[in-house]
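Lettering of chains follows the sequences in order, A, B, ..., and the numbering in each one begins at 1. Atoms considered below: every heavy atom in the structure, side chains included; atoms not considered: hydrogens, waters and symmetry mates. Please read all numbers here as calculations on a predicted model, not as lab measurements.
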Amino acid sequence: MTNLQALYQQVILDHGRNPRHFSQPEHAQIDQVCFNPLCGDKIHVYCDYAVDRKTFQALSFTGDGCAISVASASLMMVALQKKDSAYFYEAFDYLKRLLAGEAVDLSTIDAFSAPEDIANMRRIQVIAGVKNFPMRVKCATCAWHTMAAVVEGGSEPIKTE
Amino acid sequence: MKENESVSESHIAQWRADFPILRTSTQSGKPLVYLDSAATSQKPQAVLDALTQFYASENANVHRGIYGLSELATDAYESSRRTIAEFIGSCYPDQLVLTHGATEAINMVAASYVATVCKPGDEILLTVMEHHANIVPWQMLAEEKELIIRYVPLDESGALDLEAYAKLLSDKTCMVAFTHVSNVLGTINPVKTMTEMAHAVGAKVLIDGAQACPQIAVDVSLIDCDFYVASAHKCYAPSGVGLLYGRPDLLEMMRPYQTGGSMIETVEFERSTFLPPPMRFEAGTPAIAETIAWAAAFRYLQSLDLDAVRLHKLNLQRLLHDRLQGFPKLKIHGHAEKKVPVVSFTHEVIHPHDLATILDSEGVAVRAGHHCAMPLHRYLDVPATTRASLSFYNDATDIDALVKGLEIAEELFA
């Protein structure tokens with residue numbers, strides 16, 4: 001498999017074309033936008049917390065972007081439904097380790113114990129194909145940085161460059 | 001040479017051979033196919049040699065030393081100014097300010113000329129196809145001086161709507177600033193007519209020649225504009241140098257933009273007096289070697305068969321359009337009658353960034369994004385485009401490589 005094929009795998013093309021949880025709610029507690037001034041891409045993440053103020057009760061996104069940024073956002077959405085901020089940080093850390101080229105053993109991460117979590121994280125592995133394309137890493141992490149801003153309670157637009 | 005005549009293969013092969021970078025390969029192991037000349041041009045051997053020669057045997061600061069080497073450097077620098085002045089048809093070198101680029105030149109006119117003559121409520125007329133460099137300095141000035149900015153729209157083809165332009169011009173217009181050639185659409189604007197129309201209402205005219213200078217013959221005295229700006233790095237020369245051509249009476253009334261060494265006449269503890277233009281606007285040590293290499297780029301261009309170059313670029317532009325029109329899912333933005341070989345397009349399915357990555361894997365360097373023209377992209381209602389911009393050192397095989405890359409991308413995203 002070439003680097004290009006490793007990047008544009010079926011999972012990426014599928015989620016890029018048919019992003020999951022791609023909708024704008026009428027009212028969202030948090031509407032966090034990420035804008036990349038270099039390319040013009042824009043992603044909104046909408047989040048409602050449950051009464052415990054930790055669990056993501058409703059989580060969705062909209063935006064314009066390349067296949068990588070939209071697919072990465074979509075895969076993140078699938079993985080984070082009904083999860084909480086601690087779980088998000090675990091998942092983001094996992095993605096960062098993959099992007100750094102690390103071969104991560106999923107069974108060593110306690111947070112990913114349910115079969116569904118493992119399946120979601122396996123799909124996220126595909127995003128790591130972007131590590132061979134340094135200029136595109138920001139596309140892959142755009143939604144994740146937006147989500148980090150959501151969790152940190154920010155409302156100012158964030159930028160990736 | 002007549003239209004539809006082809007340019008000899010040996011001509012094209014020689015031009016390509018003059019640019020060493022075209023013999024290199026990309027990280028993907030494929031030969032470099034450079035289709036991003038609108039971002040920056042590649043540099044011929046003559047320019048590389050001029051840089052080396054200056055540093056190897058002529059390097060000294062200019063306008064300072066008494067010793068022979070400094071005189072040599074000063075002569076080389078000032079004779080380069082004359083060469084550059086001739087290239088844009090400005091006969092008098094003292095009308096030519098050497099800047100750090102077209103961007104600095106526009107900022108200079110905004111801060112040192114327009115800021116001193118405009119009144120609150122005056123209008124600055126720009127066009128929707130401007131590069132950020134010809135928008136943002138005016139926005140800053142407008143905010144400071146309470147000016148109003150208006151924009152000339154486009155027609156369906158991507159040419160400026162001259163009827164709308166005529167209506168937007170009024171006795172309130174103090175400055176009209178527009179690009180000679182669009183960096184996104186490739187459109188060549190009717191700059192002479194537009195200048196006449198602006199002058200008829202008493203407005204001054206600045207033309208952004210960043211994209212025109214490397215592509216078409218420019219003669220500022222024929223256009224009769226008040227200011228003209230360009231950048232060396234797009235004209236086959238090094239980065240870090242640009243030019244501001246100004247009408248002598250306007251340059252004379254302009255206050256210094258930056259101050260320091262080189263631009264003063266006398267400095268006392270209490271006050272200073274300044275040199276006349278162009279030195280008044282050239283504070284500090286200039287980009288000496290780069291300026292000398294810019295003149296070398298112009299001499300190199302003059303040594304070419306310019307009719308053949310013109311025809312070759314016209315043929316490339318037509319071929320590029322024809323080949324891209326073979327992709328039904330691809331939309332070209334900009335079909336003006338007069339244009340340079342710069343084509344921006346969008347694809348129904350594939351985002352420009354994905355396309356640029358896939359093309360890169362084939363060795364093809366294109367630009368994807370908004371090309372420093374966000375307002376134009378909003379006007380066209382697209383977040384980003386892919387741009388292929390060609391120069392005379394490109395040939396039909398480069399367009400073949402682009403087409404092949406597009407086919408691979410469509411297959412991958414099918």
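In terms of non-hydrogen atom pairs under 4.5 Å with chain B, the most contact-rich of A:G16, A:G65, A:C66 is A:C66.
Interatomic distance, CD1 of B:I408 versus CG of A:L4, reported as 8.0 Å (0.5 Å rounding). Atoms CD1 and CG, on B:I358 and A:L7 in that order, are 8.0 Å from each other to the nearest 0.5 Å.
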Every donor-acceptor pair from chain A to chain B under 3.5 Å, please, each on its own line.
from   : atom 1 : to     : atom 2 : distance (Å)
A:Y8   : OH     : B:D354 : OD1    : 2.7
A:R17  : NH1    : B:F413 : O      : 2.8
A:P37  : O      : B:H370 : NE2    : 2.5
A:L38  : O      : B:H370 : NE2    : 3.4
A:D41  : OD1    : B:H351 : NE2    : 3.2
A:A67  : N      : B:D354 : OD2    : 2.6
A:R136 : NH1    : B:H353 : O      : 3.0
A:R136 : NH1    : B:T357 : OG1    : 2.3
A:R136 : NH2    : B:D354 : OD1    : 2.9

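Both the backbone and the side chain of A:I68 come within contact range of chain B, judged by heavy atoms closer than 4.5 Å. Of the atoms belonging to B:A409, not a single heavy atom falls under 4.5 Å from chain A.
Residues of residues 80-118 of chain A placed with any heavy atom under 4.5 Å of a heavy atom in chain B are absent; none qualify.
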